[in-house]
Each structure stands twice: as structure tokens, then as C-alpha cells.
Number of protein chains: 2
Amino acid sequence: MKIVLDHYDYNILELLNDNARLSYAEIGRLIGLSQSAAKERVISLVDRGVIKKFGIEVDYSLIGYSLPVLIHLKFRNDDFKIFLNQLQQFPEITSCKRVTGEYCLVAEAVLKDNSHLEHLIDRLIRYGIPSTAIRLSEVGMPNFFTLHKSKLKKS
Amino acid sequence: MKIVLDHYDYNILELLNDNARLSYAEIGRLIGLSQSAAKERVISLVDRGVIKKFGIEVDYSLIGYSLPVLIHLKFRNDDFKIFLNQLQQFPEITSCKRVTGEYCLVAEAVLKDNSHLEHLIDRLIRYGIPSTAIRLSEVGMPNFFTLHKSKLKKS
DNA sequence: TGTGAAATTTAATGGCG
DNA sequence: CGCCATTAAATTTCACA
């Protein structure tokens, strides 16, 4: 069940975490592998499911979506499917997680303005009571893999 | 202040959002531009700050961090700097956002097990009362740009 | 801004330790 | 598993529109 990664894998994850567009050749150079081996490693990480996706981080505030919010939701269980469907009609919702506790879902959305938020709340309120918080800023966190690879014993 | 994107830009963001490793040549092919033009566009999006980062999404549960949690935090303002420093000592915290409302910070962490969580709470509790929720699952959301590009008028 | 073309670098494959 | 070598493809740069 648990996948064991060696220091090559951790180094690759560290590099791709910072820049997913690095070429295999450059990855190889940086970690001391040939380009073929580096490529095999990356593909293997994808095949094993460790890397779920190569994506981008977007600054939505620059393109007109300057109201980022967190929405906490309670909902009635019988409407769950319909409710999720409603959520997915809103592409402004960039992520949605089911969690334990008083609120069942925590969603993040990027909205244009207050009336955009109002519209979103109007559609959600049928299914439960949404609690909205404005996301003021992000606190930068270090690369997960930078600190974890150092815990590995040399092989 | 607001950056206006055309349909080429939206198409590029849509593509890179799904696969950040697409080659410029392929991007160009898919949206009807030469590779040079496609590359210019991507670089311009990065330079203007719209694309903040090319990164990866990792399945941490596969590599031993099978307890994903959301932590809501209240803290005393006088300790804010020290508090953030504490947070950044924990690379298991993958994101941290300052929000309005009763709780000032919402952090996400990937932990190994309950004792790992206990250790994290022990270090955070000095600064305020953390409220922990287990992240049960993620609800898949559609690509933000897929639905937004269709709203553009042809130029 | 976009295109096209030439030189350099990478990607992809297959065979070998 | 990783390295090397080869062919195909992509990147980079630049002149031109």
C-alpha cells in the first residue's frame, strides 16, 4: 500500500514542486542522473499515482476575480448529489473538500465582487447554511520535499 | 490594474491548468498559433504574474502521510511573527491562509498518524486554540478556464 | 504580435551493463 | 535500474512582416 521513495524520487518531487516544466535533461543534471533515467523516474511517479497532476497556480485577482473566499457549508444529506452538482456549476469554486466536524464541506472560490458572492450564496443556501470568510492572504510555506528528503538515509 | 486576457490566453491557461508540461509546440498546435507565438504568450502570462507557478499535485497518502487535516486557528496578535515561524517549521503544513471571521488562519496539513497530529497541536496550542478537522475527500471541480473562455467575445 | 527558418537542446527509443 | 547512442522533435533566437 505504501510506496517507498528513494532520494532520487524525493529530489525530483522537490524540483517539480517548484517548477513543473523542468526538462528531463535538466532534472537529470540537477540530481545526478542521465536524462533517460530521470524521465523514467518522473513517469514512474506519475504511473504510481504519487504525482496526480502537473498544474499551474494562477493569480485570479489579476484577471478580475479579486474576491477570494472560503465557504463552509452544512448540508442535508438527502440532497448531497444535487448539491455537489450545484457546486460544480460554479467554476469560480476552485476547490471543495469534505471534512469532519460541524461543517461538512469547505470550498474555496474566486469571485468578482460582492454581488457575485451574493449570487453564489443564493444558490447554495437552498442546501444548507453557508458561512463565508474572505481570504485575506496566503502564508508562504516551504517546499514539502526539501525538508523530507534530508530525513532519508543514504542508500 | 486589471489584466485583460484574450481567447488565446484563456486557451493557454485552460491547457496548462490540466497539464503544465505541455510543450510550446503542442500548445501552439492546439490553439492555432505558431510555437514561437505560443511560447511568447506563456512567458508573458508568467511575466505579468497571472501564472504564479508551475507545480505538481501530490498524493501524499501514498507516501506515508495518510492523515490530511484542516486546522482552524485563533491566535493572539502580539505573537503573530513567532507564530508564523512555528508554522513554517512544519513542512507538513502544505498551505496556510489568513481569513476573516472567528478563526484567523486556515491551514492544511498532511500528517502520518494521530501522534503526528498530536505533536503538531502541541506546538500550535501555545499560540491559540487549534480546531482540527479530518479531510475526508476532495470534490472534483471543473477547469476554471474552460467555462470562462466561452464568455469571451470574439476579437 | 505573429510567422518562418536555422542552430542548439531535448525527447524518445532501444540495446547493453 | 541506469547509461549510452541514435533519430525525431522541440526550443531558442532572430530576421521579417
Side-chain angles (χ1 to χ4, degrees), chain A residues 1-59 62-64 145 148-149 151-155, chain B residues 1-59 62-64 145 148-149 151-155:
Chain A
M1 190 73 195
K2 181 181 166 184
I3 292 172
V4 178
L5 304 179
D6 64 14
H7 65 100
Y8 285 130
D9 293 315
Y10 274 100
N11 278 319
I12 289 172
L13 289 169
E14 182 191 13
L15 290 172
L16 290 177
N17 207 25
D18 282 340
N19 180 9
R21 281 186 72 80
L22 280 178
S23 70
Y24 299 130
E26 197 162 358
I27 293 168
R29 246 178 269 121
L30 290 166
I31 69 175
L33 277 181
S34 69
Q35 24 190 301
S36 339
K39 181 196 171 184
E40 289 302 317
R41 290 287 189 144
V42 173
I43 289 175
S44 163
L45 286 167
V46 173
D47 287 344
R48 287 183 286 173
V50 177
I51 295 177
K52 289 189 289 186
K53 185 181 167 182
F54 297 95
I56 52 177
E57 286 179 22
V58 173
D59 188 336
L62 291 177
I63 57 175
F145 300 100
H148 286 78
K149 65 172 190 177
K151 296 183 191 163
L152 288 179
K153 16 182 189 218
K154 301 281 176 183
S155 59
Chain B
M1 193 69 197
K2 182 182 167 185
I3 293 172
V4 178
L5 304 180
D6 63 15
H7 65 100
Y8 286 131
D9 293 315
Y10 273 100
N11 278 319
I12 289 172
L13 289 169
E14 182 191 14
L15 290 171
L16 289 177
N17 207 25
D18 282 340
N19 179 10
R21 282 185 72 80
L22 278 180
S23 71
Y24 298 128
E26 197 161 358
I27 294 168
R29 245 178 269 121
L30 290 166
I31 68 175
L33 277 180
S34 68
Q35 44 186 51
S36 332
K39 182 195 171 185
E40 290 302 317
R41 291 285 188 145
V42 173
I43 290 176
S44 164
L45 286 167
V46 173
D47 288 344
R48 288 184 284 174
V50 177
I51 295 177
K52 291 190 289 187
K53 185 181 168 182
F54 298 94
I56 52 176
E57 285 178 24
V58 173
D59 188 337
L62 290 177
I63 58 176
F145 299 100
H148 285 76
K149 65 172 188 176
K151 297 182 192 164
L152 288 178
K153 18 180 188 219
K154 302 279 175 183
S155 59

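Throughout, protein chains are lettered first and strands after them, A, B, ... in sequence-line order, and every chain is numbered starting at 1. This is a predicted model, so every value here is computed, not measured.
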Between CG on residue L15(A) and CD1 on residue I56(B), distance to nearest 0.5 Å: 9.5 Å
Straight-line distance of D59(B) CG to L45(A) CG, nearest 0.5 Å: 12.0 Å
Spacing between D9(A) atom CG and dG2(D) atom P, to the nearest angstrom: 8 Å
Euclidean distance, atom CD of residue Q35(B) to atom C1' of dG4(C) [Å, nearest integer]: 10 Å
N/O donor-acceptor pairs under 3.5 Å from side chains in residues 20-34 of chain A, not counting sequence neighbours:
residue	atom	partner	partner atom	Å
R21(A)	NH1	A20(B)	O	2.7
R21(A)	NH1	L22(B)	O	2.7
R21(A)	NH2	L22(B)	O	3.0
S23(A)	OG	E26(A)	N	3.1
S34(A)	OG	A37(A)	N	3.2

Worked check of side-chain contact (heavy atoms from CB on, under 4.5 Å) between F145(A) and L5(A): CA-CA 11 Å; F145(A) 300 100; L5(A) 304 179; 5.6 Å; no
Close side-chain approach of E14(B) to N11(B), heavy-atom, < 4.5 Å: yes
Output one line per pair: protein atom, nucleotide atom from nucleotides 14-17 of chain C, and distance, for all N/O pairs under 3.5 Å.
none

Selection residues 41-58 of chain B - residue pairs positive for side chain to side chain donor-acceptor pair (under 3.5 Å), sequence neighbours left out: D6(B)-R41(B), D9(B)-R41(B), S44(B)-R48(B)
Pairing stems for DNA chain D [at least three consecutive pairs; Watson-Crick or G-U; under 3.5 angstrom]: C:1-16 with D:2-17
Whether N17(A) side chain and L13(A) backbone form a donor-acceptor pair below 3.5 Å: no
Residues touching DNA chain D, which here means a heavy atom under 4.0 Å, drawn from residues 37-55 of chain A: A37(A), R41(A)
Interface with DNA chain D, restricted to residues 20-29 of chain B and to heavy atoms under 4.0 Å: S23(B), Y24(B), A25(B), R29(B)
